[in-house]
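In what follows, every chain begins at residue 1, and chains take the letters A, B, ... in the order their sequences are listed. Bear in mind the structure is a predicted one, so any value in this text is a computation, not a measurement. Side-chain atoms are counted along with the backbone in the values below, which use heavy atoms only and exclude waters and symmetry mates.
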Amino acid sequence: MCLGIPGRIVEIRDDGGFPMGVVDFGGVKREVCLAYLAGEVEVGDYAIVHVGFAISKVDEEEARRTFEVLKEMSQLDELEWMREVAEKSLNPQPPEAS
Amino acid sequence: MKYLSEYRDGRIARGLADSIKQVATRRWVLMEVCGGQTHTIVKQGIDELLAGAVEMIHGPGCPVCVTPLEQIDRGLAIASRPEVIFTSFGDMLRVPGSEMDLFQVRSRGGDVRVVYSPLDALELARRNPDKEVVFFAVGFETTAPANAMAVWRARELGIENFSVLVSHVTVPPAMVALLESPDNRVQGFLAAGHVCTVMGWTEYEPLARKYEVPIVVTGFEPVDILEGILMAVKQLEEGRHEVENQYVRSVKRDGNRPAQEVVSKVFDVVDRQWRGLGNIPSSGLGLREEFAAYDAEQKFGVHTITAEESEECHAGEVLRGILKPNQCPAFGTKCIPENPLGAPMVSSEGACAAYYNYGRFRTPSESGA
Ligand code: SF4
């Protein structure tokens, strides 16, 4: 669970002094905290994101490669959580879910 | 190698494997301390490919796996309370406690939810002011900045119905504990790439010097791992013991400073119990005194709960490299991923689950590797 997923930053904003943004992970978009890369990234940059936090900036080539490898390794758990769980988590989850 | 040939950088990987075999004049014992690396090594058969030149021991690199039973039981006790919405990363739900797991709490009516980020749990607290939202904060240094920030934000936003059950562990003290144990066999380490993305590698430098072990910061792709192994083997052959960085694409020497700062504002270094390894001094993170209001253990009075680990589970020996997972008597019989006896069988990053999922049912000697 220590693996981060690379994605492209498509939006940066300031949430009352808290740097947030939207990152596109191969088509899946998700809110991400940018506090740990504040001032270091711009829209269009790529970053490794771990549990909702961008932790390091990477180049596009590296981002693409890592994403592909994660897919081949079926290690995109985090992305699955994002896709299936993120919207659901704010609503009660029935026993048979997940 | 059947798996490696499927990988698209197969040629580079085979070249690296050949170099490792050429450089090694004897068999060296290395340990990887990242569950993602364990997964890659077992899935791609890297250990089998290098048999004779390098033996890989799978270290305690899976945070879910090393979370002690008593902490799981505390989580279960909190999750069973009617006023609580209990949140965690998905991996934790099937980790067996003494009597049940989080899934069972949910089927008995407990409100247990999987979240992607600790900030989602905080948002849940904001939207449900009449509920107590608790987040199970497990993980290594990679995850600590996220969990620390959730607590920091909770205080900033004045959200009082949010708390965290902390079971954070840090890698270097576990490496020291392994190196100092009398039955240690590890001669060099692959350090975890994403842990070092946050922490950098300065804290590994005194370790490499004192214990005379090479430590190579390594990524988790097959080619990364093979390159990391080659770098470590070269050091061993040349009698060097330094920290080297294979994963330059993501890791800088000093790591991510802003992340380290928030972690040290919210957390203190504490002693921690590791599943299978026992108590390791200064090996974990706990909430600082000033954040006590966000400590779920205190809020729900569960710190008194203790638990004895099952004697049937040999997780400790597996994590120390004394037993391979398939040498545990329960492996694949009493203990399978659908019905795990111990934590390393639960998460896909655990060594026992990796061996099971990739069909490693025989011991290395029997398979002729
Ligand atoms: S196979 Fe199961 S019982 Fe044996 S060490 Fe692994 S988790 Fe424990």
Side-chain angles (χ1 to χ4, degrees), chain A residues 1-6 15-20 30-40 47-59 61-63 65-66 68-70 72-75 77-98, chain B residues 6-8 34-36 39-40 43 61-64 85 87 89-91 93 103 106-107 109 111-121 123-124 127 138-143 145-147 149 153 156 192-195 197-198 219-222 249-252 256 258-259 262 347-349:
Chain A
M1 64 167 271
C2 285
L3 301 185
I5 305 180
D15 246 358
F18 194 55
M20 291 291 294
R30 150 92 216 185
E31 288 274 301
V32 164
C33 173
L34 298 175
Y36 295 139
L37 292 181
E40 268 189 62
I48 302 274
V49 176
H50 176 63
V51 297
F53 289 74
I55 53 170
S56 81
K57 190 177 156 180
V58 288
D59 65 31
E61 170 59 25
E62 165 68 4
R65 235 178 55 124
T66 309
E68 284 304 310
V69 171
L70 285 169
E72 279 176 38
M73 283 168 61
S74 46
Q75 270 287 296
D77 303 15
E78 280 203 17
L79 199 61
E80 285 308 309
W81 300 350
M82 255 185 248
R83 204 186 317 224
E84 296 183 8
V85 156
E87 325 85 62
K88 271 199 297 193
S89 65
L90 297 175
N91 304 307
Q93 290 166 21
E96 60 279 2
S98 89
Chain B
E6 287 165 11
Y7 180 66
R8 84 201 142 86
C34 159
H39 185 103
T40 304
K43 178 168 186 190
C62 156
V64 172
I85 300 176
T87 58
F89 297 135
D91 277 6
L93 261 63
F103 266 124
R106 180 147 97 188
S107 66
D111 194 344
V112 178
R113 306 189 195 188
V114 175
V115 291
Y116 161 65
S117 166
L119 289 183
D120 293 348
E123 174 62 16
L124 207 50
R127 291 193 196 180
V138 299
F140 283 112
E141 292 94 323
T142 327
T143 317
N147 294 347
M149 185 63 94
R153 282 295 282 170
E156 227 167 42
H194 284 167
V195 165
T197 298
V198 169
F220 56 89
E221 299 168 24
R249 311 190 303 273
S250 173
V251 180
K252 289 182 288 199
N256 184 322
V262 173
S347 158
S348 68
E349 290 172 10

>> Apply side-chain contact (heavy atoms from CB on, under 4.5 Å) to residues A:E31 and B:S117 and explain how you reach the verdict.
In response: CA-CA 10 Å; A:E31 288 274 301; B:S117 166; over 6 Å; no
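- A 4.5 Å side-chain heavy-atom check between B:R249 and A:V58 finds every atom pair outside the cut-off.
- The minimum heavy-atom distance between B:T142 and A:I55, with the atom names listed, is CG2-CD1, 4.0 Å.
- Side-chain atoms of A:Y36 come within 3.5 Å of backbone atoms of B:P145 as a donor-acceptor pair (strictly under, hydrogens ignored).
- Summarising the geometry of B:P118 relative to A:V51, their closest heavy-atom pair is CD-O, 3.7 Å, with the distance given to 0.1 Å.
- Distance check, rounded to the nearest 0.5 Å: CZ of A:F18 to CZ of B:R153 gives 4.5 Å.
- Between chain A and the options B:I85, B:V251, B:T197, B:N147, heavy-atom pairs under 4.5 Å are most frequent for B:T197.
- The minimum heavy-atom distance between A:G4 and B:H194, with the atom names listed, is N-ND1, 3.0 Å.
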